[in-house]
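For reference, the structure discussed in these notes is given below.
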Amino acid sequence: MTTDRLQHRFGYYGGQYVPETLMPALAELEEAWLSARADPHFEAELALLLRDYAGRPTPLYHAARLSEVAGRKIYLKREDLLHTGAHKLNNALGQALLAVRMGKRRIIAETGAGQHGVASATACALLDLECVVYMGAEDIRRQQPNVQRMGLLGATVVPVEAGARTLKEAVSQAIRDWVTNVGDSHYIIGSAVGPAPYPVIVRDLQRCIGDEAREQILEREGRLPERVIACVGGGSNAIGMFKAFVDDAGVELIGVEAGGEGLEGGRHGAPLAAGGRPGVLHGSLSALLQSDEGQIAEAHSVSAGLDYPGSGPEHAFLRDSGRAQYVAVNDDDALAAFVRTAELEGIIPALEPAHAIHYVLNQPSDSTLDLICLSGRGDKDLAEVLDLLGRS
Amino acid sequence: MPYLMGGYPDIEGSLAIANGYADAGADLIELGVPFSDPLADGPIIQSAGTVALAAGSTLDAVLGVARTMSERLPVVLMAYANIVLARGVDPFIDDLLSAGVSGVIVPDLPIEESLLLFASAQSAGIALIPLAAPTSTDERLAEIGSQARGFLYTVAVSGTTGERGEQSDYGEVLARVREHTDVPVALGFGISRPEQASAAADAGADGVIIGSRLVREALEQPEPAQACKALVEQFAAALR
Ligand SMILES: Cc1ncc(COP(=O)(O)O)c(C=O)c1O
């Protein structure tokens, strides 16, 4: 038994707004994580998998041609080169190992873009765990390659037909499964959202991105970046990145949310940038898109991974404290950056980080050194993008 | 203790169903406020909530149903945390008070998060009815039991609301809960047949909450108020 406790609140945000049935499981999870992260064997096992199986550390790449366009030096942290093609595997591997440690052999996951679903299915194949992935029917349509990958990896993909049939409903359905099967199942949440202790566990598992990037850029440039930029769906790649720089007062932290069809019309996925009121969704209190009555709004984004009306509670805290700022980039602009990055750098980014790239290329800034988290690669988006651009 | 989705199929329709419940001899009505993302609910109550929201149900409209019904029998409101927060804790409790509501259940507000609502409800004389689950540890049950006002809502099975055919052994969870509280203990979640209701009463439940089974009746029958009344009569008979 440890007497420590993980952080449950980030200022006003966070907490544990879940049915009583889950409260003992959250306490068990917190206990298990505290003991696992203090256990050198667990640390070593995860570190080995991250290195030899997943491919960490991922490279830091000086994107010379993007830099030329922006008029300042841009580095990309290459999470797109991680096994399975996105940062999601960092979290999925860690939590799957934790599930084994807790004696839970059935894994529940939700997925939007399919990257977290693929990462969870991959970790489950590796560790011989049963895997059930909830995915909105609309996301199943627009992220077909990932649905096929999950099938091949032995996971069961359950379509969710409720609401807008995207990430919000998939998370709700995953939580309902967990409430029902909490005895033998672990829920691997895919982002830095959900009831405590999830936001901290996911941050702990994603902070390798920022820790590595900080060391790499110091080595290359002999100084810290002036700005660190990451896309924000629930906020896991961004918090993983920000965590390493949050105490470096001179480094600006910028989270880029999905502007969808524009903040004015309300069809977007940018609760932080749009000043969404605090509310409770999926077990925690954070900035949300909601009606005056407290009904959660449907988000909209061309990228399934950012199509979420909520946000991680730590991001809401960083926003209010002024330590980080959150901006939005629209669908069309993200699509343009997707193509531009392919043409200029020979890198096809996922649509999610394409939002961050667009911001850096197009917003004027005095910065001379930017670090962007390239959270994933765009193979999954190819068909959808070509279709939207009328090129298929 | 029948559950009703406030505003399903619309506000008048739900008022008619509520009157049917009262006519059939219900002891109390548990009145649900529809919410976009009801984590504790299974597919039946979810879909009734979706219809109610599409038909324009709001917290104030549901409180209108409560105001009318509370003249006939006690009304307990069931609302998710974000509905409460959106109104503001104190205004929410004020509105409940003026609608004659006797108690409130917030299924996603465990004791750790309920301090403000507890204090506000307490000073207004409204019972904040907590939930206990089969997974709750004895330590938690002791805290939940000591905070319970009105009654303690015991969740019969781990899971969401929804009909369950099999008859669970209710005795164990009821005995554990009762050991930790002085208020009456009601049992709910999954109780969908009169035999299950009487088994729950035999196992020591002071009240039995019937949710999804009744909501399904309202979803499926052409005359929901009459059909639900008949069904509540059957449950009431089994519990007599
Ligand atoms: C490549 C990629 N980046 C970013 C995200 C957004 O998630 P988060 O904000 O948790 O990093 C996703 C989600 O699916 C993704 O696949």
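Letters A, B, ... mirror the listed sequences (proteins, then strands); counts begin at 1.
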*Under 3.5 Å, side chain of A/Ser284 to main-chain N/O of A/Val280, donor-acceptor pair present?*
no
_Give the interface residues of residues 175-190 of chain B toward chain A, defined by a heavy-atom separation under 4.5 Å._
none
*Under 4.5 Å heavy-atom distance to chain B, tell me which part of A/His282 shows up: side chain, backbone, both or neither.*
both
*Check A/Val302 against A/Arg142 and note the closest heavy-atom contact, atom names and distance.*
O-NH1, 3.6 Å
*Check each atom of A/Asn181 against the heavy atoms of chain B and say whether the ones under 4.5 Å are side chain, backbone, both or neither.*
neither
*Taking it one step at a time, do A/Glu298 and A/Arg267 satisfy salt bridge (charged side-chain N to carboxylate O under 4.0 Å, His left out)?*
CA-CA 8 Å; A/Glu298 300 296 350; A/Arg267 288 199 18 101; over 6 Å; no
*asked:* Only pairs of heavy atoms separated by less than 4.5 Å count here; which of B/Ala86, B/Gly162, B/Pro110 has the most with chain A?
replied: B/Pro110
*Pairwise side-chain contact, B/Ile45 with B/Met5, heavy-atom cut-off 4.5 Å (strictly under)*: yes
*Is chain A contacted by the side chain of B/Leu59, its backbone, both, or neither, given a heavy-atom distance below 4.5 Å?*
both
*When rounded to the nearest 0.5 angstrom, what distance separates CD in B/Glu163 from CD1 in B/Ile44?*
4.0 Å
*Test B/Arg87 against B/Asp60 for salt bridge (charged side-chain N to carboxylate O under 4.0 Å, His left out), laying out the working first.*
CA-CA 10 Å; B/Arg87 178 70 41 115; B/Asp60 288 331; 2.9 Å; yes
_B/Glu139, part contacting chain A, at a heavy-atom distance under 4.5 Å_ = neither
*Proximity breakdown for B/Leu53 and chain A, heavy-atom pairs closer than 4.5 Å*: side chain
*For the residue pair B/Ser192 and B/Arg213, confirm or rule out a side-chain donor-acceptor distance under 3.5 Å.*
no
*asked:* Test salt bridge (charged side-chain N to carboxylate O under 4.0 Å, His left out) on A/Lys104 and A/Glu130; report intermediate values, then the result.
replied: CA-CA 10 Å; A/Lys104 302 204 173 188; A/Glu130 182 187 343; over 6 Å; no
Identify all side-chain donor-acceptor contacts of residues 31-40 of chain B below 3.5 Å with residues at least two apart in sequence or on another chain.
unit_1, atom_1, unit_2, atom_2, d
B/Ser36, OG, A/Ile296, N, 2.8
B/Asp37, OD1, A/Lys168, NZ, 3.0
B/Asp37, OD2, A/Lys168, NZ, 2.8

